Protein chains: 4
Amino acid sequence: MNEPTQKSKAEARCEAQRERILSAARKCSIESGFHAASMASIAETAGVSAGLIYRYFESKNAIILAIIQRKLDEIQADIRELQSLNRRSSHAAHQVVRRLAAQPVAILEPGLFLEIAALATRDQQVAEALRSADQRVRAELRAWLMQAWEKAGCGLAEAQALERVFVMQAVIEGLVIRAIKQPDSDPDLVKDSLRPLLAYLLPVD
Amino acid sequence: MNEPTQKSKAEARCEAQRERILSAARKCSIESGFHAASMASIAETAGVSAGLIYRYFESKNAIILAIIQRKLDEIQADIRELQSLNRRSSHAAHQVVRRLAAQPVAILEPGLFLEIAALATRDQQVAEALRSADQRVRAELRAWLMQAWEKAGCGLAEAQALERVFVMQAVIEGLVIRAIKQPDSDPDLVKDSLRPLLAYLLPVD
Amino acid sequence: MNEPTQKSKAEARCEAQRERILSAARKCSIESGFHAASMASIAETAGVSAGLIYRYFESKNAIILAIIQRKLDEIQADIRELQSLNRRSSHAAHQVVRRLAAQPVAILEPGLFLEIAALATRDQQVAEALRSADQRVRAELRAWLMQAWEKAGCGLAEAQALERVFVMQAVIEGLVIRAIKQPDSDPDLVKDSLRPLLAYLLPVD
Amino acid sequence: MNEPTQKSKAEARCEAQRERILSAARKCSIESGFHAASMASIAETAGVSAGLIYRYFESKNAIILAIIQRKLDEIQADIRELQSLNRRSSHAAHQVVRRLAAQPVAILEPGLFLEIAALATRDQQVAEALRSADQRVRAELRAWLMQAWEKAGCGLAEAQALERVFVMQAVIEGLVIRAIKQPDSDPDLVKDSLRPLLAYLLPVD
DNA sequence: AATGAATGAGTGTTCATTCAT
DNA sequence: CATGAATGAACACTCATTCAT
């Protein structure tokens, strides 16, 4: 009777360790980039020995891929959350997007985000992961957008929805880079700049 | 009498060498990323010895900074060219922007561009360079935009112009990432998606 | 009353475990060599945990020494068997030697055999073990050989016997290396080659 | 005019360095075995830095293969020398073989020799190298033996020669192992033991 | 008695950088 | 000016060994 408990305890601990390491690796990668994040620094950050990492990950590259996959999963989860918000409130869309637009840096973790994108330029495996995740995100954004306009009494053809999703993603991703290049820009400027865009992308509230 | 000539000859040669090396370093960096571009591969690509590079650059980091600076200078030069185009034709704006929108990848060299942006996240020096260059680009884009609307008989307040420049830059930069995540997207989708945006940003032609 | 039984049961189990581990270590060593046979692979092969091995052996080196000692003991046992065969049949000598000559590989496990010999070159402890075992083997072979010739009605002086034992051992050991360097050699070639040698070493039958 | 000289100087130096490293690696391998001979110890023995080794050898494995190949080449060279000796003196055969038999250890470097043979058991590439080298050696030994008997006025059929070469090689190789197991054996014992064998293998002198 | 998570010293290898030539 | 041999401090990774459970 206590066997499964014991077993799951061990499993839980194992999972927790993996989590600790992955989290440390992520932190180091954000701070120093994938390459400069040495196994030694990851181990130190995670509070484990360097050798132990290899019980939980095949190689450093496997860790990087796991970080990337996790990041992609998180983005998808965020999008899913958007949808559920949408179901509860008809005004949610603008709120959420504004929040997103206001702090794209915090949400997308620009250093990581950009390095992943740069990596996708040279690593086929990363590119595939990025594209298939983005494909799923696009599908969900489209569904969400069509639902939002539907609710607003102004249906949207699928083609139209796809166009707006395209612009929406480009703008959000572009804001990440803007936040880096123009970090001291007036929040009002951002808000005002995006207003006409939002008016086009989302139903008025 | 021939001393200055010799000197300038020597200087020209020196400059040419620096150029060769920088160009090789850039090529290697685009192909493999800053880190994986080894001094040996750069030397080989430039057709010089590894040791010689250190006569022209203090360190590998100095080369990376030079690559970044050059990239930033090129972007600024591109914008300047926009302005001169604008002076010659009132329809230039749309043409140029469309061209830009259609091939942001080729123009901005995404791997390099994104790696620079990621680097700016962690390296203060890179960040400064990026920001000051962007500031100049913004000023020029604003001037160009105000001029374009002026010509179209529809003046634009500076604040308005700044907002549109903000959006314009965000979108263009966002398109770089889109090109990576959605490389097989229909060119028509891109064009159609951007049309309403352009209508807002630029005067009709 | 049941204490000794339990104790001996426990001892038997202990011995069995030691045996399992040693056997696994031997298998791994034959397959991959002493060095490449990792404790982890030995543990897996033995079906025990890595840590348990250290209850039965002080260190990996101790295991290697145990493997070597066991191999030496086996060789000695084989020789002893020769003698008992000899007692039963006057023709045994040729039979046995021929069998040995025909399949020295299978009998001596060349990978292990050669690695042990190589190790003896560098490890004093292994060298001692090898030499003292060989000394015993030589003594037994000599006794066996003298007995065989005696039976054949043609007595052999001890000095003569020692010379023939020397040649006999050298040839048998040399055949191990031949089997590696010339693995596809015709069995008839081997048999024919060795015939004159056997005629000299052993009494005709 | 001095260009080729300079060039060949550089090449000579390069070759000398390779030689230094290979020689150091060989020494370390003899002392500690292929595996335990670390790149660091090889570098120290060669009097160079660890990194430099990789300018001359692809990897440690490449060094090991080079050591093996060199050893095989040396053996073949020794055999060739036998032939030339044979041409000069009809009594050479016995002399040479006796010398070989008397000091097989020094000639064959048993630690190396045995480890190579053991390696051939597990490494296909090493096995191939060993076998093809042995094939060449066999051919030369056979030619040499037939020539020796021919000179002695007692021709030898090829099949017969092959048999004797087989025995000769087995015995010589066996003596390497004997030298390890029986290092303190009386030289007279060895000589006396081998006399009948030599009488069979080589023409009397 | 038995586990296997954890350690840490050691491995082969790479690479920016220097310097004798 | 130019070379490329040489360095040495990293790096990712392995594995015998220990120890809390």
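The structure displayed is predicted, hence computed values, not measured ones. Each chain gets a letter, A, B and so on, in the order the sequences are listed, and its residues count up from 1.
- A donor-acceptor pair is defined here as one N or O able to donate and one able to accept, closer than 3.5 Å; no such pair exists between the side chain of A:R18 and the backbone of A:R55.
- Salt bridge C:K71/C:E115: absent, no basic N to carboxylate O contact under 4.0 Å.
- In this structure, CZ of B:F57 is placed 18 Å from C1' of E:dT18, rounded to the nearest angstrom.
- B:E74 and B:R26 are joined by a salt bridge, as a carboxylate oxygen and a charged side-chain nitrogen come within less than 4.0 angstrom of each other.
- Nearest-nucleotide assignment on DNA chain E puts the 5′-proximal partner with A:G47, out of D:S59 and A:G47.
- The backbone N or O of A:A46 lies less than 3.5 Å from no partner atom in the side chain of A:K27, so there is not a single donor-acceptor pair.
- Of the candidates F:dT7, E:dT13, F:dA5, the closest approach to any side-chain atom of D:Q17 belongs to F:dA5.
- Along DNA chain F, the nucleotide closest to D:L52 and the one closest to A:L52 are compared, and the more 5′ of them pairs with D:L52.
- Look at B:R55 and you won't find any side-chain N or O under 4.0 angstrom from OP1 or OP2 of F:dA2.
- Rounded to whole Å, the distance from CD1 on B:I63 to C1' on E:dA16 is 10 Å.
- When each of B:I53 and C:S38 is assigned the nucleotide of DNA chain F bearing its nearest heavy atom, the one mapping closer to the 5' terminus is B:I53.
- Side-chain N/O atoms of D:S49 include one lying less than 4.0 angstrom from OP1 or OP2 on F:dT7.
- If you take NZ of C:K60 and P of F:dT14, they are 15 Å apart, rounded to a whole angstrom.
- As rounded to whole Å, 12 Å separates atom C1' of E:dC15 from atom CD1 of B:I42.
- Atom pair B:M39:CE and E:dT17:P shows a separation of 6 Å (rounding to whole Å applied).
- Residue A:E44 contributes atom CD, which lies 12 Å from atom P of F:dC11 at whole-angstrom precision.
- In this structure, C:S41 contributes its side chain and C:A37 its backbone to no donor-acceptor pair below 3.5 Å.
- Contact check, A:Y56 against E:dA5: no side-chain N or O comes under 4.0 Å of OP1 or OP2.
- With DNA chain E read from its 5' end, the first of the two nearest nucleotides for D:A37 and B:Y54 is the one closest to D:A37.
- Remark: P of E:dT21 and CZ of D:R13 are 9 Å apart, rounded to the nearest angstrom.
- Summarising the geometry, the separation between NE2 on D:H35 and P on F:dT14 is reported as 13 Å, rounded to the nearest angstrom.
- Judged by Watson-Crick or G-U wobble contacts below 3.5 Å, the nucleotide E:dT21 has F:dA2 as its partner.
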